[in-house]
Amino acid sequence: MRKFGHLGWVIIGCCLAACATAPSDDSLVPQPYIQVEHPAWTRDAAIYELNVRQFTPAGTFAAAQSELPRLASLGVRILWLMPIHEIGEKNRKGSLGSPYAVRDYYSVNPEFGTDEEFREFVASAHELGLYVILDWVANHTAWDNPLVTDHPEWYEKNGSGEFMPTPWWDWSDIIDLDYSQVELRRYMIDAMSYWVREFDIDGYRCDVAGYVPLDFWEDVRVALDRIKPVFMLAEWESRDLHARAFDATYAWSWYDAMHAVAKGEANTGALFGYYSANESAFPADALRMTHVSNHDKNSWEGSAPEQFGDALEVAIVLSVVGEGMPLIYSGQEAGNEKRLAFFERDPIEWRDHPVGELYRWLFTLKRAEAALWNGAWGGRMVPVENTAAESVLSFVRQKDQSFVLAVMNLSAEPTTVSLLSDLAFGSYQDALTGEQLELTAESSLPMAPWQYRILTR
C-alpha cells in the first residue's frame, strides 16, 4: 500500500468530512422565512396612531372613547396608542414630559385617566371591531423608574459607572437598559404579558426596536401568542425582525423616497429603488408600514401638508394602494397643518377636511379589492412601462378576481402618458369617479400635476 505523508492524510480527512457533512437535497428545500402567524384581522387593516394627549380637548381615555365610532367609520382597524404609562419627573422635558420616558411599566398615566377607564376604552374599541396596540418602550426608562434603585444592575453604564442615556441622541430624560441581564428580560416579558392578559390589548408597537436584541423580541412573541394572537409593529426597518418576532416594520425608506419626489429632489426612480428592494429583500408576507406622517415626523420635521405640499394627496394614495400597511396619524384626517407640541398640551383642531374623505374612500377600496390587501394576502405590484417613466408611476396589483391599475403623475408638471404593457390593456372603471374607460396601445391619459388614476376591473 502506498504510504501517504501527513499532508495527504489531512487532504483525505478533509474530503471525507466534507462528504459526511454535505447537505442532502431535502435539507436544501427552502423553508418559509416568516414563522409568525399574522392575526387574520390584519389582512386588510390600516393603522391609526392615537396621540391621547392631543386627540381631544380633555386629553383622556374617556374623551377618546367617545371618538371611537368616528375612527371606525373612517375605516381604520388597528389603534396604536402612544405610551400610556406614568411619565418620569426627574430630568423631565417640558411641563408634562415625554411619554417615552416611562416611570412605571405597570401604571396608567393619571393625565389620561384610570386603569378602569383604559379597560373600558379597549372594550369599547373591540365592540366596534377595532384592535388596540400599545406603544412599548423597552430600550430605556425614566431616571426615576423604581427599577433604577431596585435593580441598578439592569442598566447600561458609561465609563465612569454612571447611568447613561441612549448615545448620540438628545434623550437626556431617559437612561438605557442592559439586555444582557436575564432577569430584566424576564421582568419585561412579564410586564408586556400583563397588559395583554389583564386589559385584553391586541399587541404592541415597539419603540426603537432595533436597539433591543432580536432574540429578546422573539421570546416576547412566543410569550404573548400563548395568551392570544397579537400584532407586533417594530419601529425599525429590517428583514430579520419579521422572521419570528414582528408582523410589521417601518417603511422609512418609502417615506424618504416619496418625500424626495414631493420636494422635486428625485423622480420615480427613487420609488423604483424602494419597491425593488421591498420585493427582492423582504418576503411577500412581511408587512411594511407606509406613512406620510407620525408623531416624530409631525413634531420634529413638519406636518404632512408641510412635508409634502401639493404632492400630499398622491402620496397618501400610494401609501394605501401600493404595497404596504398604511398608517394615519392623529389629526391627518382633519388636514392638521401644525406641529403638535411633544411635551405640552396642544389639542388638535378638528374640522371636516377632504383628506379625511380621501382616507375613507381609500380604506373602503382597500377592503373591497383583495389585490390591495396586506402582505401575501394581496397582490404584488407589477410595474407597467409607460411613455413618461421619470414622472409617471404605473403598476398593476392582481389577486384572484381583483385587478387594480394605478397611474400616478409624481411631478409638478402636466403630462400625457401612454401605457406600453399588454397587462394594462382592457376595460376599467375609475374607482374614484365611476367613469368607464377602455385602455389600448393607442390610448393616452392626460395627467395634471400630482394627479392619480385608480382603475379597477
Has [X] got a side-chain atom pairing as donor or acceptor with [Y]'s backbone, closer than 3.5 angstrom?
| X | Y | value |
| --- | --- | --- |
| R185 | Y179 | yes |
| N158 | E162 | yes |
| E235 | V208 | yes |
| S411 | E413 | yes |

Determine the minimum heavy-atom distance between [X] and [Y], stating which atoms define it.
| X | Y | result |
| --- | --- | --- |
| W143 | S172 | NE1-O, 2.8 Å |
| V132 | A125 | CG2-CB, 3.7 Å |
| L271 | A257 | CD2-CB, 4.0 Å |
| G335 | P305 | O-CG, 4.4 Å |

Going by side chain to side chain donor-acceptor pair (under 3.5 Å), name the residues that satisfy it together with [X], two or more places apart in sequence or in a different chain.
| X | result |
| --- | --- |
| K297 | E301 |
| S180 | D178 |
| S394 | N386 |
| R43 | none |

What is the distance from atom [atom1] of [X] to atom [atom2] of [Y], rounded to the nearest 0.5 Å?
| X | Y | atom1 | atom2 | value |
| --- | --- | --- | --- | --- |
| L372 | S402 | CG | OG | 6.0 Å |
| K263 | F308 | NZ | CZ | 8.5 Å |
| E49 | L327 | CD | CG | 6.0 Å |
| L233 | T249 | CG | OG1 | 8.0 Å |
| T149 | L147 | OG1 | CG | 8.0 Å |
| L455 | D430 | CG | CG | 5.5 Å |

Mind running ring-ring contact (aromatic ring centres under 6.0 Å, His included) on W80 and Y48 for me, showing each step along the way? CA-CA 6 Å; W80 150 23; Y48 190 98; 10.0 Å; no
Of K366, R288, R380, which is the lone residue that meets salt bridge (charged side-chain N to carboxylate O under 4.0 Å, His left out) with E323?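 That would be R380.
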Please, which pairs that meet salt bridge (charged side-chain N to carboxylate O under 4.0 Å, His left out) have at least one residue in residues 120-149, sequence neighbours excluded?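 Pairs touching residues 120-149 that pass the test: R103-D144, D135-R205.
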Under the side chain to side chain contact (heavy atoms under 4.5 Å, CB included) rule, collect the residues that match up with A286, sequence neighbours excluded.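 Side chain to side chain contact (heavy atoms under 4.5 Å, CB included) check on A286 returns I34, H242, F282, P283.
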Kindly indicate, with the supporting measurements, whether the criterion side-chain hydrogen bond (donor to acceptor under 3.5 Å, both in side chains) is fulfilled by N336 and S303. CA-CA 7 Å; N336 175 54; S303 67; 5.9 Å; no
Test item: side-chain donor near acceptor, E237 and S253, under 3.5 Å: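 Looking only at side-chain atoms, S253 and E237 do form a donor-acceptor pair, the distance falling under 3.5 Å.
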Assess R239 against Y33: is NZ or CZ under 6.0 Å from the centre of the six-membered ring, and within 45 degrees of the ring's axis?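 Here R239 passes the 6.0 Å and 45° test against Y33.
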Given the ring of W350, does R70 sit roughly above its face, with NZ or CZ under 6.0 Å from the centre of the six-membered ring and within 45° of the axis?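 Yes, cation above the ring, under 6.0 Å and within 45°.
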Show the numbers, then the answer: is there a ring-ring contact (aromatic ring centres under 6.0 Å, His included) between W236 and Y250? CA-CA 5 Å; W236 208 250; Y250 272 47; 9.6 Å; no
Quick test of your reading of the model: are [X] and [Y] salt-bridged, counting only N-O distances below 4.0 Å?
| X | Y | answer |
| --- | --- | --- |
| D173 | K90 | no |
| R119 | D115 | no |
| D170 | K93 | yes |

What residues form a ring pair (Phe, Tyr, Trp, His ring centres under 6.0 Å) with [X], not counting sequence neighbours?
| X | value |
| --- | --- |
| H151 | W154 |
| W168 | none |
| W361 | none |
| F199 | F118, Y194, W195 |

For residues V196 and K228, determine if any side-chain heavy atom of one lies less than 4.5 Å from a side-chain heavy atom of the other.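 With C-beta onward as the side chain, the pair touches.
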Side-chain heavy atoms of W254 within contact of V292, under 4.5 Å: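 SC-SC contact between W254 and V292 confirmed.
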Apply the test salt bridge (Lys or Arg N to Asp or Glu O under 4.0 Å) to residues R244 and D219: give CA-CA distance (whole Å), side-chain angles for both, the deciding distance (0.1 Å), then the verdict. CA-CA 9 Å; R244 288 175 294 277; D219 290 341; over 6 Å; no
If you look only at distance, which donor and acceptor atoms sit under 3.5 Å apart when one is on a side chain in residues 340-348 and the other is two or more places apart or in another chain?
unit_1: E344; atom_1: OE1; unit_2: S95; atom_2: OG; d: 2.2
unit_1: E344; atom_1: OE2; unit_2: S95; atom_2: N; d: 2.8
unit_1: E344; atom_1: OE2; unit_2: S95; atom_2: OG; d: 3.4
unit_1: R345; atom_1: NH1; unit_2: R53; atom_2: O; d: 2.1
unit_1: R345; atom_1: NH2; unit_2: T56; atom_2: O; d: 3.4
unit_1: R345; atom_1: NH2; unit_2: P57; atom_2: O; d: 2.1
unit_1: D346; atom_1: OD1; unit_2: K338; atom_2: NZ; d: 2.8
unit_1: D346; atom_1: OD2; unit_2: A341; atom_2: N; d: 2.9

Quick one: which residue pairs count as a side-chain hydrogen bond (donor to acceptor under 3.5 Å, both in side chains) with a foot in residues 309-320, not counting sequence neighbours?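 For residues 309-320, and leaving out neighbouring residues, the side-chain hydrogen bond (donor to acceptor under 3.5 Å, both in side chains) pairs sorted by first residue read E313-Y452.
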Would E333 and R360 satisfy salt bridge (Lys or Arg N to Asp or Glu O under 4.0 Å), going step by step from the backbone distance to the final call? CA-CA 9 Å; E333 70 269 42; R360 182 174 287 105; over 6 Å; no
Take Y155 and T141 through the test side-chain hydrogen bond (donor to acceptor under 3.5 Å, both in side chains) and record every step on the way to the result. CA-CA 9 Å; Y155 287 84; T141 75; 2.8 Å; yes
Quick one: are the ring centres of Y329 and H291 less than 6.0 Å apart?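 Judged by ring-centre distance (under 6.0 Å), Y329 and H291 do not meet the cut-off.
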Can you confirm whether or not the ring centre of W136 sits under 6.0 Å from the ring centre of H85?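 Yes, they do, as the ring centres are separated by less than 6.0 Å.
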Could you go through F246 and Y204, starting from their C-alpha distance and side-chain angles, then the distance that decides it, and tell me whether this counts as ring-ring contact (aromatic ring centres under 6.0 Å, His included)? CA-CA 9 Å; F246 289 94; Y204 290 96; over 10 Å; no
Given the rule in the ring-ring contact (aromatic ring centres under 6.0 Å, His included) test, do Y100 and H295 qualify, once you have shown the distances and angles that lead to the verdict? CA-CA 12 Å; Y100 293 88; H295 65 272; 5.2 Å; yes
Go through the steps to decide whether L81 and F61 satisfy the test side-chain contact (heavy atoms from CB on, under 4.5 Å), and finish with yes or no. CA-CA 10 Å; L81 272 62; F61 296 130; 4.2 Å; yes
